[in-house]
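Right, one structure below, let's go through it.
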Number of protein chains: 4
Amino acid sequence: MITIDSRSSKPIYEQIIEKIKENIIKGILKPGDKLPSVRELASLITINPNTISKAYNELERMNAIEVIRGKGTFVAQNFKPTMDEERMKEIKEQMKNIIIEAHYIGVDKDTLIDLFNEIYSQL
Amino acid sequence: MITIDSRSSKPIYEQIIEKIKENIIKGILKPGDKLPSVRELASLITINPNTISKAYNELERMNAIEVIRGKGTFVAQNFKPTMDEERMKEIKEQMKNIIIEAHYIGVDKDTLIDLFNEIYSQL
Amino acid sequence: MITIDSRSSKPIYEQIIEKIKENIIKGILKPGDKLPSVRELASLITINPNTISKAYNELERMNAIEVIRGKGTFVAQNFKPTMDEERMKEIKEQMKNIIIEAHYIGVDKDTLIDLFNEIYSQL
Amino acid sequence: MITIDSRSSKPIYEQIIEKIKENIIKGILKPGDKLPSVRELASLITINPNTISKAYNELERMNAIEVIRGKGTFVAQNFKPTMDEERMKEIKEQMKNIIIEAHYIGVDKDTLIDLFNEIYSQL
DNA sequence: GTGGTCTAGACCACA
DNA sequence: GTGGTCTAGACCACA
């Protein structure tokens, strides 16, 4: 299930990307599974098809899904995580920012680790 | 010291906010310390003054700094972290996304915890 | 033998055309040889018959194969290459693009010539 | 200069990508040079801004150009060709197809090599 | 039926 | 002024 938070400042297409990735990691979407067509998903969540298309294209670039001409869109079979230095650096940066943000609302290290474990157990 | 990555997709004003917050948390900037004026900082890092101004305004809204008319801008004295549900939810969301991103480049939970501790030790 | 890469961005019908042309040039398919019927090939490589049909039609237009009603499809007897300005221009264009693409992944002229000779020796 | 062939089957945004890459390789566009803004180029070649935007975004993904928020688009400074197996395989494939196409219009190996050298000398 | 391309046009954040 | 996002809607190639 994909839900969009229209009040979020995060672009819709990014929300879709994250939700689908999440579903793949959780095993809700398995390799080879067919995703709803661009138009189907568009009408399901009442979003413009172009926006869905943009999300699908980015997911394909990341090798998370495969778009097959005239057939549809599928969860990728051969997903192999590739250690990417660029993105590792980004993750570090984001993590630092989370820690700083947390500090500013009074959340300390231990609470953050608890939160971390909690999220992991839900995946 | 504030360094800006102009190629980053992160807006410059957000980069400034983060860097200043980071310096406060690290103790490099202490309560009462005077920050460079908007124009000073602007010429220091060759950034449009409007951008610096936006960053300072947001930092003031967060009570991280205080702007005193005719005197200058200072690190806030009375900073008290306030548990904010809204932002706690955001942090959770961001953390989940980091975990998902990390998974996609083959970084597992333990490595992520190591990274987490490493970042904390540098603050 | 014809193998199809369903993940390729190249349309299936074009892949079929290329594979058949390649087999003719390599001499695996000789003038007068009978090609599998549309339905046969369709079930052989599990592709929609319409797609095979489209490929065969284009090959016939190029005079590479001949369709004889009620008899079947055959590699053309009287194949005479015809210098076609239009297509020569296309080939030039494609070659330029290959050179540019190669440059962008760090492949220089000599390596490209080696590659060129290698491919020729395999035909 | 960027010219679009509207009769070509090649998508407009791909034509733009190729033309810009070509100009970079030829040295007509140098690192740090400012590209026309999305709207400028759009009105110059009377193409919809969205299409220009798509081309620029792909070029950025390839590290050929850099888009700087609110400032404009520039030829990348730090272009480093990265040997990419995936794309090397594609180039091989394309080269094989050119050789096959050339054969079908009666162009032999030597003529193709001459053509190859000619194109290189014009870059 | 499937996704890909393109246009026209609006609104927005950022510098 | 700059690019980014999104909508609405058209047309097309492909399977």
Side-chain angles (χ1 to χ4, degrees), chain A residues 4 6 8-16 34-43 46-60 65-74, chain B residues 4 6 8-16 42 45-55 58, chain C residues 4 6 8-16 42 45-55 58, chain D residues 4 6 8-16 34-43 46-60 65-74:
Chain A
I4 297 301
S6 57
S8 166
S9 67
K10 185 163 287 175
I12 297 172
Y13 78 92
E14 277 187 19
Q15 292 186 44
I16 295 170
K34 191 176 190 305
L35 292 171
S37 82
V38 168
R39 288 177 181 82
E40 261 171 30
L41 186 53
S43 73
T46 49
I47 294 294
N48 188 291
N50 287 332
T51 306
I52 310 291
S53 204
K54 186 169 185 177
Y56 276 16
N57 283 330
E58 293 236 359
L59 282 163
E60 194 185 21
I65 67 176
E66 287 178 335
V67 177
I68 300 182
R69 300 277 198 124
K71 288 227 170 168
T73 303
F74 305 84
Chain B
I4 296 302
S6 61
S8 166
S9 67
K10 184 161 289 172
I12 293 174
Y13 83 96
E14 278 187 20
Q15 292 186 45
I16 296 171
I45 58 180
T46 51
I47 292 295
N48 191 314
N50 292 334
T51 308
I52 310 289
S53 204
K54 181 162 187 179
E58 293 239 359
Chain C
I4 298 301
S6 61
S8 166
S9 68
K10 184 161 290 172
I12 293 174
Y13 84 96
E14 278 187 19
Q15 292 186 44
I16 295 170
I45 58 180
T46 50
I47 292 294
N48 191 313
N50 292 333
T51 308
I52 310 291
S53 202
K54 181 162 189 179
E58 293 238 358
Chain D
I4 296 302
S6 57
S8 166
S9 67
K10 186 160 286 173
I12 296 171
Y13 78 92
E14 278 187 17
Q15 293 186 44
I16 296 171
K34 193 173 188 307
L35 292 171
S37 82
V38 169
R39 286 176 182 82
E40 261 172 29
L41 186 52
S43 72
T46 50
I47 292 295
N48 188 291
N50 287 333
T51 305
I52 310 290
S53 204
K54 188 169 183 177
Y56 276 16
N57 283 330
E58 294 235 2
L59 282 163
E60 193 185 21
I65 66 175
E66 288 178 336
V67 178
I68 300 181
R69 302 277 200 122
K71 287 228 169 164
T73 304
F74 305 85

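Below, chains carry the letters A, B, ... as their sequence lines are ordered, and counting in each starts from 1.
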Find the distance [X]:[atom1] to [N]:[atom2] and express it as a whole number of Å.
{"X": "B/Gln15", "N": "E/dC14", "atom1": "CD", "atom2": "P", "result": "12 Å"}
{"X": "C/Ile52", "N": "F/dC14", "atom1": "CD1", "atom2": "C1'", "result": "13 Å"}
{"X": "D/Arg69", "N": "E/dA13", "atom1": "CZ", "atom2": "P", "result": "11 Å"}
{"X": "D/Asn50", "N": "E/dA10", "atom1": "CG", "atom2": "C1'", "result": "11 Å"}
{"X": "D/Glu40", "N": "F/dT2", "atom1": "CD", "atom2": "C1'", "result": "10 Å"}
{"X": "D/Tyr13", "N": "F/dG3", "atom1": "OH", "atom2": "C1'", "result": "19 Å"}
{"X": "B/Asn48", "N": "F/dT2", "atom1": "CG", "atom2": "P", "result": "15 Å"}
{"X": "D/Lys10", "N": "F/dA13", "atom1": "NZ", "atom2": "C1'", "result": "17 Å"}

With a 4.5 Å heavy-atom cut-off, do [X] and [Y] have their side chains touching?
{"X": "A/Leu35", "Y": "A/Leu41", "result": "no"}
{"X": "C/Ile52", "Y": "C/Ile45", "result": "yes"}
{"X": "A/Asn48", "Y": "A/Ile12", "result": "no"}

**Report entry** Watson-Crick or G-U counterpart of E/dA8, or none if no pair lies under 3.5 Å
**Finding:**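 Its partner is F/dT7 (Watson-Crick or G-U wobble, both distances under 3.5 Å).
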**Report entry** Pairing nucleotide - F/dC14, Watson-Crick or G-U, each distance under 3.5 Å
**Finding:**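 Across any shown strand, F/dC14 pairs with E/dG1.
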Query raised in the report: Where each residue is assigned the nucleotide of DNA chain F containing its nearest heavy atom, which of A/Pro11 and C/Lys54 is assigned the position nearer the 5′ end?
Result: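 This one resolves to A/Pro11.
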Query raised in the report: Between A/Arg39 and D/Pro36, which has a closest nucleotide on DNA chain F that is more 5'?
Result: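 The residue mapped nearer the 5' terminus is D/Pro36.
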Query - Heavy-atom closest pair, residues B/Ile16 and B/Ala55 - result: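 Heavy-atom minimum between the residues: CG2-CB, 3.7 Å.
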Requested in this report: Could you tell me which non-hydrogen atom of A/Arg69 sits nearest to which non-hydrogen atom of C/Ser9, and how far apart they are?
Outcome: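 Closest approach of A/Arg69 to C/Ser9: NH2-O, 3.3 Å.
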If only side-chain N and O atoms of [X] are considered, is one of them under 4.0 Å from the OP1 or OP2 phosphate oxygen of [N]?
{"X": "D/Asn57", "N": "F/dG3", "answer": "no"}
{"X": "D/Thr73", "N": "F/dT2", "answer": "no"}
{"X": "A/Thr51", "N": "F/dT7", "answer": "yes"}

**Report entry** Sugar-phosphate only, base, or nothing, as touched by B/Ile47 at under 4.0 Å among non-hydrogen atoms
**Finding:**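 No contact at all - B/Ile47 keeps every heavy atom at 4.0 Å or more from the nucleic acid.
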Query raised in the report: What does A/Ile12 touch in the nucleic acid at a heavy-atom separation under 4.0 angstrom: a base, only the sugar-phosphate, or nothing?
Result: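 Sugar-phosphate contact only - A/Ile12 comes under 4.0 Å of backbone atoms but never of a base.
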Requested in this report: Check every atom of F/dA15, E/dA15, F/dT2 against the side chain of D/Ser37 and return the nucleotide holding the closest atom.
Outcome: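 Looking only at side-chain atoms, D/Ser37 lies closest to F/dT2.
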